[in-house]
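Notes for the one structure printed next.
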2 protein chains.
Amino acid sequence: MVVHRTATWAGYGPGVARQSVPAGSSAQIVRVLADELADLPSGTRVASEAEVGRRFGVGRAAARAALGELERRMLVSRIQGLGTFTRRRVDYLVAPGRAPSWSRTLREAGAEPRTVVLACDAVPLPPDVAAALEVPTGTRGFRLVRRSHIDEMPAAWGVEWLTADLVPELPTALRLEESLDTILRETAGVRPERAWTRASVEPAPEEASDGLGCRPGDPAWLMASLARDGAGGRPLLSTERWVRADAVRVVLELGHGRDT
Amino acid sequence: MVVHRTATWAGYGPGVARQSVPAGSSAQIVRVLADELADLPSGTRVASEAEVGRRFGVGRAAARAALGELERRMLVSRIQGLGTFTRRRVDYLVAPGRAPSWSRTLREAGAEPRTVVLACDAVPLPPDVAAALEVPTGTRGFRLVRRSHIDEMPAAWGVEWLTADLVPELPTALRLEESLDTILRETAGVRPERAWTRASVEPAPEEASDGLGCRPGDPAWLMASLARDGAGGRPLLSTERWVRADAVRVVLELGHGRDT
DNA sequence: CAGTGGTCTAGACCACGGG
DNA sequence: CCGTGGTCTAGACCACTGG
């Protein structure tokens, strides 16, 4: 058995500070509450700051720090005037072969999706979008702004673009059917498939945090994607969406032995 | 021009609380400091809590809240006993065609990578690893624990597995060459390529936050991946690494017109 | 209205790092 | 030693929610 350890181990490597674990009482409280929360169903009310303070014999600041830490770990949501509630994160797997439908993906995960149309404007497509959709700049299309909810909580928000010829009566269609995927399949007679997706995590800018109903700076996924008709067919839909990291556990998968 | 707005817009959709933007003075301070920080080079010292308090005429709590918010937005790092410093995030693009080498990717981004070996043990491969590497359970291999730094700050930590026959003298080789990719190419004569990768963001568990030198619960990428020799050749390396989200802006790209 | 979380002050002690 | 950030108390006011 060979063991090899570098000399820099003790001091945590080259010139790096060892961040001390908070040893205060709130760290203990976090542990206790996190354990208790683990078993509760989503949406369950959690003790308030005052209750936590009384129970553990600490002031409000310490109780508040503990609950804030639970929120940072995405175990609870805190709503002013209402209280603190357990929260679950829904898994959202993004992989080359998977269908790009939000509602279907979430329903498979056992959640209740719901999408609200904030705007649906017929406009000439701007250059970057037109290029992605492979049509001339200025082609008429729809600019769609929607917010999606999971269990009635906002989870995603963003802009989607598609050419107008696909579904000329899109605003009407959206009144009858929430799923854009379904509308495209049944009205436009196409089969949307994920062509490419680009994803990362960023602190939500104000624009996004407004749409997501969260605070600016909260971690959120920024996902851009393009859907095509069938395998490599014409581009159908260009999307740029923000997804709350505390609502959805996005998992991205590249390759599967299939890629280079 | 068609405009369509849902009736639920005003109240923020179905039963959803509008989270108020913190209107206090610390929000103003955050804006001012964030603007000033934007131009500074990475590692620059930022005003301390006391200085911020004096400058803006607020108590320490408000000043501290502002600096804490900047840290949450990954604009600064705060180190006890040292101070608050600007920090940059290095871009790390993960895409089907890209090479899986950490050091090369970071050098291309203009950063100075450095990897420290924490452990390099010759062990029989456990079942799950053996299955991924497509060898019988118990095949002799190396269990490698390493931490990678960017500009001397810990950024990634995790376990890597490979069969022992590839580089029998791995501990020695690692003393001479940091890059596992280079060792595999030059000593084992193989061409490691990314076969698949799975990535998500999680609050770092204690195990990971210890290795990353951050606090438990800080957002971190969990990336598992398998490298193969050439295009679809034999499996070489199975990896599970944690990457600090405040150090690396991981961007994942699926497809490119090439996928289904 | 009472209860919740969001913000803030003033003051304190501690752990840590550097001179 | 001093200055840094990390934690905590006690108390205050505010914004928001529900009944």
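The figures here come from the full heavy-atom set of this structure, side chains too, leaving out hydrogens, waters and symmetry mates. All chains are named by letter (A, B, ...) in the order of the sequence lines, taking the proteins before the strands, and each is independently numbered beginning at 1.
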If you check the [X] side chain, which of [options] turns out closest?
{"X": "A/R78", "options": "C/dG5, D/dG6, D/dG18", "answer": "C/dG5"}
{"X": "B/E51", "options": "C/dG6, C/dG18, D/dT4", "answer": "D/dT4"}
{"X": "A/R215", "options": "C/dT7, D/dA15, D/dG5", "answer": "C/dT7"}
{"X": "A/L82", "options": "C/dA15, C/dT4, D/dG18", "answer": "D/dG18"}

Examine [N]: is either OP1 or OP2 under 4.0 Å from a nitrogen or oxygen in the side chain of [X]? Give yes or no.
{"X": "A/S26", "N": "D/dC8", "value": "yes"}
{"X": "B/T84", "N": "D/dT4", "value": "no"}
{"X": "B/S48", "N": "D/dG3", "value": "no"}

(request) Would you kindly compare B/A50 and A/A65 by the position of their nearest DNA chain D nucleotide and give the one closer to the 5′ end? (result)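 The residue whose closest nucleotide sits nearer the 5' end is B/A50.
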Side chains of B/S148 and B/T115: do they bring a donor and an acceptor to under 3.5 Å?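 Side chains of B/S148 and B/T115: pair found under 3.5 Å.
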Discussion item. Cation-pi check for B/W102 against B/R241: NZ or CZ below 6.0 Å from the six-membered ring centre and within 45 degrees of the axis, yes or no?
Written reply: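 The answer is yes; both the distance and angle limits are met.
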Could you tell me whether [X] and [Y] make a salt bridge, using a distance below 4.0 angstrom between a side-chain N and a carboxylate O?
{"X": "B/R78", "Y": "B/E71", "result": "no"}
{"X": "A/R55", "Y": "A/E36", "result": "yes"}
{"X": "A/R215", "Y": "A/E206", "result": "no"}

TODO: Would you kindly check whether a donor in the side chain of A/R64 faces an acceptor in the base of D/dT9, or vice versa, at under 3.5 angstrom?
DONE: no
task: Check if the side chain of B/R60 and the base of D/dG6 share a donor-acceptor pair of N or O atoms closer than 3.5 Å.
output: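 It does, because a donor-acceptor pair links the side chain of B/R60 to the base of D/dG6 below 3.5 Å.
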Nearest-nucleotide check on DNA chain C, B/A62 vs B/G81; residue mapping nearer the 5' end is B/A62
Whole angstroms only, please: what is the [atom1]-[atom2] distance between [X] and [N]?
{"X": "A/Q80", "N": "C/dC8", "atom1": "CD", "atom2": "P", "result": "13 Å"}
{"X": "B/I79", "N": "D/dG6", "atom1": "CD1", "atom2": "C1'", "result": "14 Å"}
{"X": "A/Q28", "N": "D/dG6", "atom1": "CD", "atom2": "C1'", "result": "16 Å"}
{"X": "B/F56", "N": "C/dT9", "atom1": "CZ", "atom2": "C1'", "result": "18 Å"}
{"X": "A/E49", "N": "D/dC16", "atom1": "CD", "atom2": "P", "result": "17 Å"}
{"X": "B/R54", "N": "C/dA10", "atom1": "CZ", "atom2": "P", "result": "14 Å"}

